[in-house]
Amino acid sequence: MSHNIFQHASVIAKELSESVQQVDAGQIEELIGRIMKSGAIFLAGGGRSGLMIRAFAMRLMQVGFKVHIVGDTVTPAIGAHDLLLIGSGSGETQGLVSMARKAKEIGSAVVVITVRPESIIGKLSDAIVQLPGTTKEQNQDILVTVQPMASLFEQSMLIVLDAVILRLMEKSKLRSDQMFSLHANLE
């Protein structure tokens with residue numbers, strides 16, 4: 001039984017390795033530049049994509065950025081010097097489309113991490129990070145992964161965003177042990 005688990009895990013790791021190698025480094029550097037020049041970073045995503053975005057928000061905060069999760073009760077208003085970062089495989093999730101439109105009206109920068117740069121959110125965005133993968137809506141016949149729904153996209157997003165954190169740490173000459181001063185201490 002456990003032998004199958006290791007086979008599945010090995011296939012997933014191989015898919016992830018192949019996926020992240022297809023990411024455009026220029027798109028990543030654009031995201032990093034926008035993060036570094038933003039007053040505050042607002043992050044949004046639905047479902048599992050939202051969980052990956054929250055993991056990234058936590059690390060951004062620990063690196064020292066001003067970070068807010070859209071929808072939390074203590075999230076303030078976004079401003080013209082802020083960044084809205086959306087994680088959406090399809091780029092068509094209605095609530096996220098509305099957020100992107102509102103942010104653009106205010107003058108905020110919008111960046112989307114997506115499978116589909118031609119999506120509504122992609123067209124509204126100032127920058128795009130395209131990740132390979134599938135969205136939950138895609139037909140089973142065209143899947144490039146053995147994993148269900150948008151798992152490869154979500155996992156790739158987590159890995160790529162963890163790499164962004166390492167790059168931000170390099171740029172700010174921050175070591176991992178220095179980040180503990182911002183780690184939660186009421187746990």
State whether Arg54 and Asp72 are salt-bridged, where the test is any N-O pair (Lys NZ or Arg NE/NH1/NH2 against Asp/Glu carboxylate O) under 4.0 Å. yes
Thr114 side chain to Pro117 main-chain N or O, any donor-acceptor pair under 3.5 Å? no
If we ignore hydrogens and angles and just use 3.5 Å, is the side chain of Arg116 paired with the main-chain N or O of Gly91 as donor and acceptor? no
Let me know which of Leu84, Ile86, Leu43 forms a side chain to side chain contact (heavy atoms under 4.5 Å, CB included) with Val70.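 The residue from Leu84, Ile86, Leu43 that satisfies side chain to side chain contact (heavy atoms under 4.5 Å, CB included) with Val70 turns out to be Leu84.
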Any side-chain heavy-atom pair from [X] and [Y] closer than 4.5 angstrom?
X      : Y      : answer
Val11  : Lys14  : no
Asp82  : Ile106 : no
Ile32  : Lys171 : yes
Ile78  : Ser108 : yes
Val164 : Phe56  : yes
Leu60  : Leu168 : yes
Ile53  : Met157 : yes

What residues, two or more places apart in sequence or in another chain, satisfy side-chain hydrogen bond (donor to acceptor under 3.5 Å, both in side chains) together with [X]?
X      : value
Glu92  : none
Lys104 : Asp126
Arg101 : none

Decide side chain to side chain contact (heavy atoms under 4.5 Å, CB included) for Gln22 and Gln130; before the verdict, give the C-alpha distance in whole Å, the side-chain angles of both, and the deciding distance to 0.1 Å. CA-CA 9 Å; Gln22 295 176 44; Gln130 183 179 10; over 6 Å; no
Under 4.5 Å between side-chain heavy atoms, counting indirect links through other Ile/Leu/Val/Met/Phe/Trp/Tyr residues: same cluster for Val112 and Ile41 or not? no
Using a distance-only test with no angle check, is there a side-chain donor-acceptor pair under 3.5 angstrom linking Glu15 and Ser19?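 Absent: no donor and acceptor within the cut-off.
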